[in-house]
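The block underneath contains the structure these notes are about, expressed in structure tokens.
Computed from a predicted model, the values in this text were never measured in an experiment. These numbers come from the heavy atoms of this one structure, side chains and all, not from hydrogens, waters or symmetry mates.
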Amino acid sequence: NVPDLLRALEGVEPRMAPLMAEQLSAFLRQTAACPSQERSPVWQTAESSRQGAADMVAAEYHRAFDFRANTLEMEQIRDHYGITNDLSSPEAQAAMAGRALVEGLSRCVSIRLAGSLDTHYETWATTQGPDQERGFNAVARLVEDLGAREYKGSGTSWLDHTTILGFSEFSRGSMLNTQGGRDHNITNACFLIGGGVRGGVIGRSGDVGLTPQPVDLATGTPDPGGEVPMPEQVWQALLEEVGLTSA
């Protein structure tokens, strides 16, 4: 979440005196260069990570995510996403994803915009809908933000060059259980928005128990001789869209 990211990018307090910090860094670099340590993958990975972390702190990347800052840019971001003092909120999470992309800090961002959806009891009727609605609204603000920003002087938007994939790790059954809630179900769905997405619905659920039905993967229409779409096929399509192939 945003508070954790800020803590990582700002560095810790209290900070060492500059001379002491440089002496410690020089000692660690010298130690990592010893013949025995050069043969240690663990040591070399640790030293590379240490230097990378120091570079990120020195570059002040935290400024891209300081949504409480008293600047015009951050005021506009707060207004657009609806960010309050809670920087762990879905609104702040969505803003974090947008900033990481447009600032060139990451090409792939994972965030969680809705939680507490494991509703096995009657409270599902009052909690499931509002929690999901808030998450979807945060996605909508992210889509609007990326769609309004020009992509590197190309005349296209950041949304044209970004694919947003939304999903849950499991779905809910269509029938109420004995507690008045809804249990897990194998039928699930996901949505994709942005670059490379043609739009439309692929697949369907059955009329009895909302069970997954086979479809023609080329057209997305129901086909008894087809396949039930699986997450692996979604990932494969995304990899192929960006010019990658999976083993």
Side-chain angles (χ1 to χ4, degrees), residues 1-5 81-98 108-145 162-194 196-239 241 246:
N1 56 39
V2 177
D4 289 339
L5 184 61
Y81 284 92
I83 298 174
T84 61
N85 287 330
D86 181 10
L87 294 186
S88 298
S89 68
E91 295 78 17
Q93 291 282 92
M96 176 182 69
C108 181
V109 184
S110 297
I111 55 176
R112 188 180 74 171
L113 298 180
S116 302
L117 302 178
D118 197 12
T119 47
H120 293 276
Y121 304 96
E122 60 184 7
T123 52
W124 79 271
T126 56
T127 61
Q128 183 85 211
D131 286 347
Q132 288 201 40
E133 181 182 23
R134 186 176 183 183
F136 282 124
N137 286 339
V139 173
R141 301 293 86 77
L142 175 60
V143 169
E144 292 172 348
D145 187 11
T162 304
T163 301
I164 300 174
L165 169 63
F167 64 92
S168 174
E169 74 273 28
F170 57 81
S171 186
R172 315 306 299 182
S174 58
M175 304 295 291
L176 296 180
N177 59 28
T178 56
Q179 287 83 33
R182 298 170 69 199
D183 294 326
H184 301 176
N185 192 270
I186 61 172
T187 304
N188 207 344
C190 71
F191 66 82
L192 293 100
I193 307 170
V197 179
R198 291 181 298 182
V201 177
I202 295 177
R204 70 180 297 269
S205 56
D207 297 330
V208 179
L210 296 181
T211 53
Q213 301 296 297
V215 300
D216 182 337
L217 295 180
T219 65
T221 57
D223 181 358
E227 300 181 52
V228 174
M230 300 294 290
E232 292 83 356
Q233 291 159 332
V234 177
W235 290 118
Q236 179 68 30
L238 291 174
L239 289 173
E241 174 64 23
S246 60

Enter the distance from Arg198:CZ to Ile202:CD1 here, rounded to the nearest 0.5 Å. 7.0 Å

Is Glu122 atom CD crowded by more than 12 heavy atoms from other residues, nucleotides or ligands, each under 6.0 Å away? no

Could you tell me whether a side-chain N or O of Thr187 sits under 3.5 Å from a main-chain N or O of Leu210, the two making a donor and an acceptor? yes

Is it true that a side-chain atom of Ser88 and a backbone atom of Asn1 form a donor plus acceptor pair closer than 3.5 Å? no

Test side-chain contact (heavy atoms from CB on, under 4.5 Å) applied to Thr119 and Leu117, step by step: CA-CA 5 Å; Thr119 47; Leu117 302 178; 5.7 Å; no

Does any N or O in the side chain of Asp145 come within less than 3.5 Å of the main-chain N or O of Ala95, such that one atom is a donor and the other an acceptor? no

State, yes or no, whether a side-chain contact exists between Pro90 and Arg134 at a heavy-atom distance under 4.5 Å. yes

Between Asp118 and Arg172, is the closest basic N to carboxylate O distance under 4.0 Å? yes

Donor-acceptor pair, Ser168 side chain versus Ser171 backbone, under 3.5 Å? no

Between Leu165 and Trp235, is the side-chain contact (heavy atoms from CB on, under 4.5 Å) condition met? List the steps. CA-CA 10 Å; Leu165 169 63; Trp235 290 118; 3.5 Å; yes

Which pair of heavy atoms, one from Ile111 and one from Val109, lies closest together, and at what distance? CG2-CG1, 4.0 Å

Trace of the side-chain contact (heavy atoms from CB on, under 4.5 Å) decision for Ser116 with Thr127: CA-CA 8 Å; Ser116 302; Thr127 61; over 6 Å; no

Using atom types as modelled and distance alone, determine if a side-chain donor or acceptor of Gln213 lies under 3.5 Å from a backbone N or O of Thr211. yes

Using the side chain to side chain contact (heavy atoms under 4.5 Å, CB included) rule, pick out the option among Leu192, Val197, Val143 that qualifies with Ile164. Val143

Do Ile186 and Phe170 touch side chain to side chain, with heavy atoms closer than 4.5 Å? no

Considering only heavy atoms from C-beta outward, does the side chain of Val234 approach that of Phe167 to under 4.5 Å? no

Quick check: does any side chain N or O of Asp183 sit under 3.5 Å from a backbone N or O of Gly173, one acting as donor and the other as acceptor? no

Gly196 to Glu241 - nearest heavy-atom pair and separation: CA-OE2, 3.6 Å

Quick check against the 3.5 Å criterion: does Asp216 have a side-chain atom that pairs as donor or acceptor with the backbone of Gly220? no

State whether the number of non-hydrogen atoms from other residues, nucleotides or ligands found under 6.0 Å of Asp4 atom CG is greater than 12. yes

Between Glu232 and Gln236, is a side chain to side chain donor-acceptor pair (under 3.5 Å) present by the stated rule, with each step listed? CA-CA 6 Å; Glu232 292 83 356; Gln236 179 68 30; over 6 Å; no

Where Leu217 and Pro229 come nearest, the two heavy atoms and their spacing: CD2-CG, 4.0 Å

How about Ile193 and Val139: do any of their side-chain heavy atoms sit closer than 4.5 Å? yes

Nearest heavy-atom pair of His120 and Gln179: which atoms, and what distance? O-CB, 3.8 Å

Is a donor on one side and an acceptor on the other found under 3.5 Å between the side chain of Gln233 and the backbone of Met230? yes

For residues Asn185 and Ser174, determine if any side-chain heavy atom of one lies less than 4.5 Å from a side-chain heavy atom of the other. no

Considering non-hydrogen atoms only, spot the tightest contact between Gly203 and Val215 and give its length. CA-CG1, 3.4 Å

Quick one: are Tyr81 and Leu142 in side-chain contact, heavy atoms under 4.5 Å? yes

Looking only at heavy atoms, the pair that brings Val228 and Pro212 closest together is CG1-CB, 3.8 Å

